[in-house]
Amino acid sequence: MKLASIDVGLKRIGVAICLDGKIILPQEAILRKNRNQAARDVKTFLDEWEIEKLIVGLPKGGSAEEEMERRIKHFVALLDLGIEVDYQDEQGSSFEAKELTKGDFRHKRDGRLDSMAAKIILERYLGL
């Protein structure tokens with residue numbers, strides 16, 4: 001089954017894919033100008049890769065948990081997908097991504113960290 005995960009942020013959406021159930025590859029992040037454009041870009045990405053299930057990171061814990069969950073679920077509803085969607089706890093995934101990539105690249109705002117976080121979310125979902 002072809003899987004993808006997204007880490008939804010206010011400026012970027014990190015993306016990762018798994019085509020064989022074992023190897024997870026971070027992809028180029030989707031820059032978010034507005035939610036409609038971002039939803040179109042995510043849907044196009046999922047269609048191009050023929051993704052069969054989407055895993056979405058949801059923050060658990062923290063003071064803004066309910067608000068972020070509402071925003072993320074609203075964004076997923078905009079995708080209007082005909083595939084299964086599962087949610088996975090993303091708590092700490094961005095921090096973990098930053099730790100994993102120390103020294104690999106400068107922590108620019110180009111989306112690579114966001115896609116590494118999406119990779120971690122998918123790894124957690126698959127139990128890898």
Between K60 and D89, does any side-chain N to carboxylate O distance fall below 4.0 Å?
no
Residue pair I24 / A16: nearest heavy atoms and the distance that separates them
CG2-CB, 4.0 Å
For E28, does the CD atom sit with more than 12 other heavy atoms under 6.0 Å from it, leaving out its own atoms?
no
With side chains defined as the heavy atoms from C-beta onward, is the minimum distance between V56 and F75 less than 4.5 Å?
no
If two hydrophobic side chains count as joined below 4.5 Å and joins carry through other members, does I23 share a cluster with V15?
yes
Please walk me through it: do E66 and R70 pass salt bridge (Lys or Arg N to Asp or Glu O under 4.0 Å)?
CA-CA 6 Å; E66 286 180 25; R70 185 189 65 74; over 6 Å; no
Heavy atoms of L81 and K43 approach each other most closely as CD2-CG, 4.3 Å
Between E50 and K2, is there a side-chain N and carboxylate O pair less than 4.0 Å apart?
yes
Hey, is the main chain of N34 close enough, under 3.5 Å, to the side chain of Q37 for a donor-acceptor pair?
yes
For residues Y125 and K53, is any side-chain donor paired with an opposing acceptor at under 3.5 Å?
yes
Check: L19 and M1 side chains under 4.5 Å, non-hydrogen atoms:
no
K11 NZ: over 12 foreign heavy atoms closer than 6.0 Å
no
Residue pair K22 / L128: nearest heavy atoms and the distance that separates them:
O-CD1, 3.4 Å
Non-hydrogen atoms of I72 and P59 that approach each other most closely:
CD1-CD, 3.7 Å
C18 side, atom SG; I55 side, atom CD1 - distance, nearest 0.5 Å:
10.0 Å
Exactly one of L54, I17, I51, L126 should register a side-chain contact (heavy atoms from CB on, under 4.5 Å) with L3. Which one does?
L126
Under a 4.5 Å cut-off applied to non-hydrogen side-chain atoms, are R12 and L113 in contact?
no
